[in-house]
**Student:** 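Take this structure, written in structure tokens, and hold onto it; I'll ask about it next.
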Amino acid sequence: MSREVLGYDRIRGGVDKHFRHFPVRANHNIFFIQGRDSPSPQRHIQIVESLCYPWGMDDLILSHRRWLKDSIRKTVDWSATGQSRGLPPPPAQKPVPPNARTVALPGPDRFDTVCAADLLRVLRNRRSIRRYADTPLSLEELAFLLWATQGVTGRRGDLATFRPVPSAGARHAFETYLYCRRVRTLEEGIYRYLPLEHSLLFEFTERGLATSITEACFGQRFVGQGAVTFFWSVIPYRMEWRYGAAAHRVLPMDVGHVCQNLYLSAESIGAGACAVAAYDQEALDALLRLDGEEEFVIYLAPVGKRTASVVTEVSDLELRLSAFRNDPPQRSEGPLEAVLVFPGEPVEEPVEDRVEG
Ligand SMILES: Cc1cc2nc3c(=O)[nH]c(=O)nc-3n(C[C@H](O)[C@H](O)[C@H](O)COP(=O)(O)O)c2cc1C
């Protein structure tokens, strides 16, 4: 059925401001004119809402809006949480199966060899990167990214771990899975990070992982193309044990911190990441062999070396230009390392400027 949304209000003579915000699609059009015998403007809004939100504005949108508020805290029966009932805290890390294949990772004392970037530059240059060079990551670089996102810097048993990212109640309710595609010395496959030991657990490998991942992400091709793709799963009980029904509001905040650290640490080693929240939940959980109830994927991000770094800082540009004048290269060697963007010159929009997700 074809309907047109106009939201024309004859009494006030114009397009009602409320209607501009509705997600109007070509096949979802509503036409309405406010006349003498027509219902009140409030009723019109309800009608338009029910047409534009066929799933029910009240049931879903309103409850999700309420969910965003911390009012939930006042409704929690704090005496009923696992912690208040004296139940032991769930383990800070999933168990390691016997005879598992693990890989020890280089520790933080080795990271100054991979990361020497200053924070200001990293913050200036951070962007979502969806195109990656074929260059593999070294094991040190991967270890650095894992440590920066979920490494353990302090611990009070299973009650609390401290990491480079904050977490509500220091609960850190996530596990990190990796699809390692191009990491030096690592076989291609799915791994799990063991933050307590700072090592990798080999989970499994199978043919066509990159394609399956892309398919599970609704065809977003770049997702399977990174040197490594990070998948964060959530084990909700780790947070519910302490916060009951107030746990779920803080989980997306927590995982946002984790992904931001991935963006920043990736940028600092000349790599780029792109956060991805659009994926087929059931397909991705099945692919990673998660039960989908007690543990499921909450966020993911491919990472890879940048194909070219766009130099926008004038000081940086001047330094490179004077180096070029003093020592002009005889011929170009190796992969392209930088695209110099001269201030004021028009440049083509890079692929990472796409706005998606
Ligand atoms: C919660 C969240 C979900 C996102 N999901 C996707 C996604 O599924 N696919 C995608 O290509 N980009 C996704 N992005 C990346 C955004 O499109 C990107 O951050 C935005 O366009 C701004 O660009 P910038 O990160 O380079 O500043 C997501 C970003 C966030 C924060």
Side-chain angles (χ1 to χ4, degrees), residues 88-111 136-165 167 171-210 212-213 216 224 226-239 241 255 258 261-262 265 283-303:
Q93 172 181 292
K94 267 174 78 172
V96 180
N99 308 322
R101 234 172 84 189
T102 57
V103 182
L105 292 170
D109 54 321
R110 299 266 295 276
F111 295 159
L137 291 185
S138 69
L139 198 61
E140 278 83 3
E141 287 173 324
L142 177 61
F144 169 60
L145 299 179
L146 284 164
W147 180 86
T149 47
Q150 281 291 269
V152 172
T153 53
R155 184 176 180 193
R156 268 188 232 140
D158 283 327
L159 188 65
T161 53
F162 300 96
R163 311 192 188 200
V165 287
S167 165
R171 301 302 307 140
H172 295 284
F174 310 117
E175 295 284 335
T176 307
Y177 293 83
L178 303 173
Y179 164 46
C180 292
R181 183 171 157 87
R182 289 186 303 276
V183 181
R184 269 186 218 116
T185 72
L186 286 188
E187 180 190 338
E188 179 177 349
I190 303 290
Y191 293 76
R192 171 158 60 93
Y193 179 49
L194 304 176
L196 297 180
E197 292 89 16
H198 187 57
S199 62
L200 276 183
L201 170 73
F202 176 77
E203 292 270 357
F204 65 92
T205 193
E206 59 190 34
R207 282 165 62 91
L209 277 169
S212 311
I213 289 169
V228 178
T229 301
F230 281 61
F231 300 89
W232 294 288
S233 71
V234 58
I235 299 189
Y237 182 64
R238 264 194 222 154
M239 194 61 88
W241 175 79
V255 82
V258 176
N261 266 26
L262 182 67
S265 52
L284 212 44
D285 289 342
L287 197 151
L288 293 177
R289 306 181 182 177
L290 308 180
D291 72 12
E293 228 16 91
E294 295 304 319
E295 183 183 13
F296 47 88
V297 173
I298 185 167
Y299 210 12
L300 58 132
V303 186

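Count residues from 1 along the sequence.
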**Student:** As an exercise, state the distance from OH of Y299 to CG of L262, rounded to the nearest 0.5 Å.
**Tutor:** 10.0 Å
**Student:** Would you list the atom pairs, donor with acceptor, under 3.5 Å between side chains in residues 98-111 and any protein atom, with sequence neighbours excluded?
**Tutor:**
residue : atom : partner : partner atom : Å
R101    : NH2  : E187    : OE1          : 2.9
R110    : NH2  : E140    : OE2          : 2.4

**Student:** Checking E203 now: which residues fulfil salt bridge (charged side-chain N to carboxylate O under 4.0 Å, His left out) with it, not counting sequence neighbours?
**Tutor:** R192
**Student:** Do H198 and Y193 have their ring centres less than 6.0 Å from each other?
**Tutor:** yes
**Student:** Which heavy atom of R181 sits nearest a heavy atom of G224, and at what distance?
**Tutor:** CD-O, 3.2 Å
**Student:** Enter the distance from L137:CG to T185:OG1 here, rounded to the nearest 0.5 Å.
**Tutor:** 11.0 Å
**Student:** Going by heavy atoms in the side chains, are P90 and R171 under 4.5 Å from each other?
**Tutor:** yes
**Student:** Any side-chain heavy atom of L287 within less than 4.5 Å of one from I213?
**Tutor:** yes
**Student:** Sequence neighbours excluded, which residues qualify as side-chain hydrogen bond (donor to acceptor under 3.5 Å, both in side chains) partners of E293?
**Tutor:** none
**Student:** Is a donor on one side and an acceptor on the other found under 3.5 Å between the side chain of T149 and the backbone of V258?
**Tutor:** no
**Student:** For T153 and T161, run side-chain contact (heavy atoms from CB on, under 4.5 Å): C-alpha distance rounded to whole Å, both residues' side-chain angles, the deciding distance at 0.1 Å, then the answer.
**Tutor:** CA-CA 8 Å; T153 53; T161 53; over 6 Å; no
**Student:** Might you point out which heavy atoms bring F296 and P236 nearest each other, and give the distance in Å?
**Tutor:** CE2-CG, 3.7 Å
**Student:** Give the C-alpha distance, both sets of side-chain angles, the deciding distance and a yes or no for side-chain contact (heavy atoms from CB on, under 4.5 Å) between L142 and L186.
**Tutor:** CA-CA 11 Å; L142 177 61; L186 286 188; 3.9 Å; yes
**Student:** At what distance, to the nearest 0.5 angstrom, does OG of S167 lie from NE2 of H172?
**Tutor:** 4.5 Å
**Student:** Sub-3.5 Å donor-acceptor pair from the side chain of D285 to the main-chain atoms of D291, do we have one?
**Tutor:** no
**Student:** Side chains of P195 and V152, heavy atoms from C-beta outward: is any pair under 4.5 Å?
**Tutor:** yes
**Student:** Quick one: list whatever passes side-chain contact (heavy atoms from CB on, under 4.5 Å) with P91, sequence neighbours left out.
**Tutor:** D158
**Student:** What's the shortest heavy-atom distance between V165 and A148, and which atoms?
**Tutor:** CG1-O, 4.2 Å
**Student:** Within a strict 4.5 Å, meaning less than it, do heavy atoms of the V303 and F230 side chains meet?
**Tutor:** yes
**Student:** Step by step, would you call T229 with Y177 a side-chain contact (heavy atoms from CB on, under 4.5 Å)?
**Tutor:** CA-CA 8 Å; T229 301; Y177 293 83; over 6 Å; no
**Student:** With side-chain contact (heavy atoms from CB on, under 4.5 Å) as the test, would you mind laying out the steps for Y179 and V228 before giving the verdict?
**Tutor:** CA-CA 5 Å; Y179 164 46; V228 178; over 6 Å; no
**Student:** Out of curiosity, C180 SG to F202 CZ, how far, rounded to the nearest 0.5 Å?
**Tutor:** 10.0 Å
**Student:** For a quick test of reading the model, state the closest non-hydrogen atom pair linking A216 to L284 and the distance between them.
**Tutor:** CB-CD1, 3.7 Å
**Student:** Is the positively charged end of R289 above the ring of F204, judged by distance under 6.0 angstrom from the centroid and angle within 45° of the axis?
**Tutor:** yes
**Student:** Under the side-chain hydrogen bond (donor to acceptor under 3.5 Å, both in side chains) test, which residues partner Y191, sequence neighbours left out?
**Tutor:** none
**Student:** Judged by atom type as modelled, is there a donor-acceptor pair below 3.5 Å linking the side chain of R155 to the main-chain atoms of G157?
**Tutor:** yes
**Student:** Quick check: closest heavy atoms across P88 and W241, and the distance to 0.1 Å?
**Tutor:** O-NE1, 3.3 Å
**Student:** What distance do W232 atom CH2 and I298 atom CD1 have between them, rounded to the nearest 0.5 Å?
**Tutor:** 11.0 Å
**Student:** Show the nearest heavy-atom pair for residues L201 and P97, with the distance to one decimal.
**Tutor:** CD2-CD, 4.1 Å
**Student:** Q150 and side-chain contact (heavy atoms from CB on, under 4.5 Å): which single residue from T176, N261, L194 fits?
**Tutor:** T176
**Student:** We want to know whether E295 and S233 form a side-chain donor-acceptor pair, criterion being a heavy-atom distance below 3.5 angstrom.
**Tutor:** yes
**Student:** For R238, which residues count as a salt bridge (charged side-chain N to carboxylate O under 4.0 Å, His left out) partner, sequence neighbours excluded?
**Tutor:** E175
**Student:** Mind checking the CG-CZ spacing from L178 to F231? Nearest 0.5 Å is all I need.
**Tutor:** 8.5 Å
